[in-house]
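One structure is given here, and the rest of the page talks about it.
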Amino acid sequence: MGALVTRLHQASASPSLSVDLAAVADNTRRFVALARGEVMAVVKADGFGHGLGDVARTAVAAGATWIGVTSLAEAVAVRESGVDVPVLSWLNPVDVDVRQAVRYGIDLSVPGLEHLAAVERSGPVRVHLQLDTGMARDGAAPEEWLALMSAARRAELAGNVSVVGVMGHLPCADTLGANEPGKRALLRGVEMARQAGLRPSVRHLAATSAALTDPGTHLDVVRIGAGLVGIDPSGTTPLRSALRFTAPVVQVRRVAAGTGVGYGHAHVTDRATTLALLPVGYADGLSRAASGAAEVWLAGRRRPVVGVISMDQVVVDVGDDAVAPGDEAVVFGPGEQGEPTVADWARWAATIPHEVVTGIGPRVRRSVG
Ligand SMILES: *Cc1c(COP(=O)(O)O)cnc(C)c1O
């Protein structure tokens, strides 16, 4: 039975996602070349769906000198993938396992007094003091900053923390000219840190958009996530997309005009046509919100996905063209042959490319190219 299952599995193509690490390397080199300081590769959310360890190792080989993540678990996974550059984890819970961070050589962000008190008990540990530079999200509120500076200085003198950096994040970096308030806030925060006797050597503020459009925000390190995997939220710079998502046709049928397709008959054929079934749906990351708009590449051209996108399957209208079970459809790719792109799927689903690439479901087979 086991042998039979294995043979069937090998004999049939299945939905698969291939990751082009050469594209990630190219994108990384581009940021390394344009950054005034260093590049931190942000590999949270499994490297934006591209594989945390693969993206981290590729980015470091291409010149990134820092890695950024949003949990200690991800930071440990980065270390265990063989990366030895500095790794910073932010968004840590207040009871983060500081001893584990120290053991793995992980820097922690400190967004307030509670976090400082928690980390200094288990230090010495390297920290980046995090200021909210205008998002009302993570980081210390400006009115807490002075108290945080004095407490951090006391903790440093006691030998429990080493303040390596000061970080902020820009709220409106996709809009040209909107970064001044955030930048001023960060520089003021660094000045206050110095007045408190701290000597942070790594000031970081910019992510992909600001790195591409506003060199004045680069400071010592830019934190690049989306850009590494070919997403440019600023719309200014062509980057290389790294994903190719394919699925085999599992069934083909000829239907008459007036045939209702799928749940609720959301689509009714207006002519006799051929429908091809693909075994991928919203559980695999094809947003149901893209129903009625989405297309795939099949048999040499783009074809509409018809009816609502189901959990496990979609139906493609191929007209009178010849398509057979086993033919490969491209859900999205870099777009070089005319196939849909991640940006197309984001538009069809009324979202951003980041959500498409981080939303690919766990049953899609992944491979690295
Ligand atoms: C995710 C994240 C980044 C990376 O942003 P991109 O726009 O994807 O480059 C940078 N900084 C912080 C604080 C983040 O959470």
Side-chain angles (χ1 to χ4, degrees), residues 23-24 27-28 30-32 34-35 37-50 52 55-56 59 62 64-72 74-75 78 86-93 107-112 115 127-140 165-176 178-179 182-183 185-186 189 202-215 217-237 239-243 342-343 346 351-359:
V24 174
N27 296 331
T28 305
R30 186 160 190 150
F31 284 94
V32 168
L34 69 82
E38 298 178 40
V39 170
M40 175 185 294
V42 179
V43 300
K44 61 193 181 186
D46 195 26
F48 285 57
H50 290 60
L52 172 140
V55 174
T65 52
W66 285 82
I67 296 289
V69 290
T70 52
S71 72
L72 184 54
E74 290 173 325
V78 167
V87 176
L88 168 64
S89 173
W90 59 89
L91 272 178
N92 309 295
D107 295 8
L108 297 175
S109 83
V110 167
H115 283 76
V127 301
H128 297 233
L129 301 171
Q130 187 177 11
L131 175 63
D132 177 4
T133 51
M135 296 194 80
R137 223 179 55 168
D138 47 343
V166 172
M167 68 186 286
H169 195 48
L170 294 165
C172 305
D174 299 348
T175 309
L176 265 179
N179 296 329
K183 185 180 156 191
L186 189 85
V202 193
R203 302 162 302 161
H204 46 114
L205 178 66
T208 296
S209 274
L212 290 173
T213 60
D214 192 352
T217 62
H218 287 192
L219 304 177
D220 304 308
V221 171
V222 293
R223 300 184 306 262
I224 310 300
L228 298 187
V229 299
I231 297 170
D232 169 18
S234 74
T236 60
T237 313
L239 298 168
R240 280 184 63 185
S241 178
L243 291 183
V342 165
T351 183
I352 56 175
H354 313 56
E355 190 175 357
V356 176
V357 297
T358 56

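Just so it is clear, the model here is predicted, and its values are computed rather than measured. Counting starts at 1 for both ligands and their atoms, in listed order. Basis for what follows: all heavy atoms, side chains included, without hydrogens, waters or symmetry-related copies.
- Considering T217, D174, T236 as possible partners of S209, the one that fulfils the side-chain hydrogen bond (donor to acceptor under 3.5 Å, both in side chains) test is D174.
- Checked by distance only, ligand 1 and M167 stay at 3.5 Å or farther apart across all their nitrogen or oxygen atoms.
- Scanning both residues, S109 and L88, for their nearest heavy atoms gives N-CD1, 3.8 Å.
- Listed by number with element, the atoms of ligand 1 under 4.0 Å from a non-hydrogen atom of T208 are 6 (P), 7 (O), 9 (O).
- At the top of the distance list for atom 8 (O) of ligand 1, counting protein heavy atoms only, stands A226 N, 2.8 Å.
- A donor-acceptor pair under 3.5 Å is formed between the side chain of T133 and the backbone N or O of H169.
- Atoms of ligand 1 lying under 4.0 Å from at least one heavy atom of I224, given by number and element, are 9 (O).
- Considering backbone and side-chain atoms together, H354 places no N or O closer than 3.5 Å to any N or O of ligand 1.
- Between H354 and F48, the angle of the ring planes lies from 30° to 60°, which puts this pair in the tilted group.
- Of all protein heavy atoms, the one lying nearest to atom 11 (N) of ligand 1 is R223 NE, 2.8 Å.
- Residue contact check: F48 has heavy atoms under 4.0 Å from atoms 8 (O) of ligand 1.
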For V229 and N27, what are the C-alpha separation, side-chain angles and deciding distance, and is it a side-chain contact (heavy atoms from CB on, under 4.5 Å)?
CA-CA 7 Å; V229 299; N27 296 331; 5.8 Å; no
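- No N or O atom of D138 sits closer than 3.5 Å to an N or O atom of ligand 1.
- When only non-hydrogen protein atoms are considered, atom 1 (C) of ligand 1 lies nearest to K44 NZ, 1.3 Å.
- Although no hydrogens or angles enter the test, the distance criterion places a donor-acceptor pair under 3.5 Å between the side chain of D232 and the main chain of T237.
- Closest to atom 5 (O) of ligand 1, if we only count protein heavy atoms, is A207 CB, 3.4 Å.
- The CE atom of M167 lies 4.0 Å from the CZ atom of R223; values are rounded to the nearest 0.5 Å.
- Considering backbone and side-chain N/O of G225, one or more are found under 3.5 Å from N/O of ligand 1.
- Side chain to side chain, N92 and S89 meet the donor-acceptor criterion of an N or O pair below 3.5 Å.
- At a 4.0 Å heavy-atom cut-off, ligand 1 touches H169 through the side chain alone.
- The closest protein non-hydrogen atom to atom 13 (C) of ligand 1 is W90 NE1, 3.4 Å.
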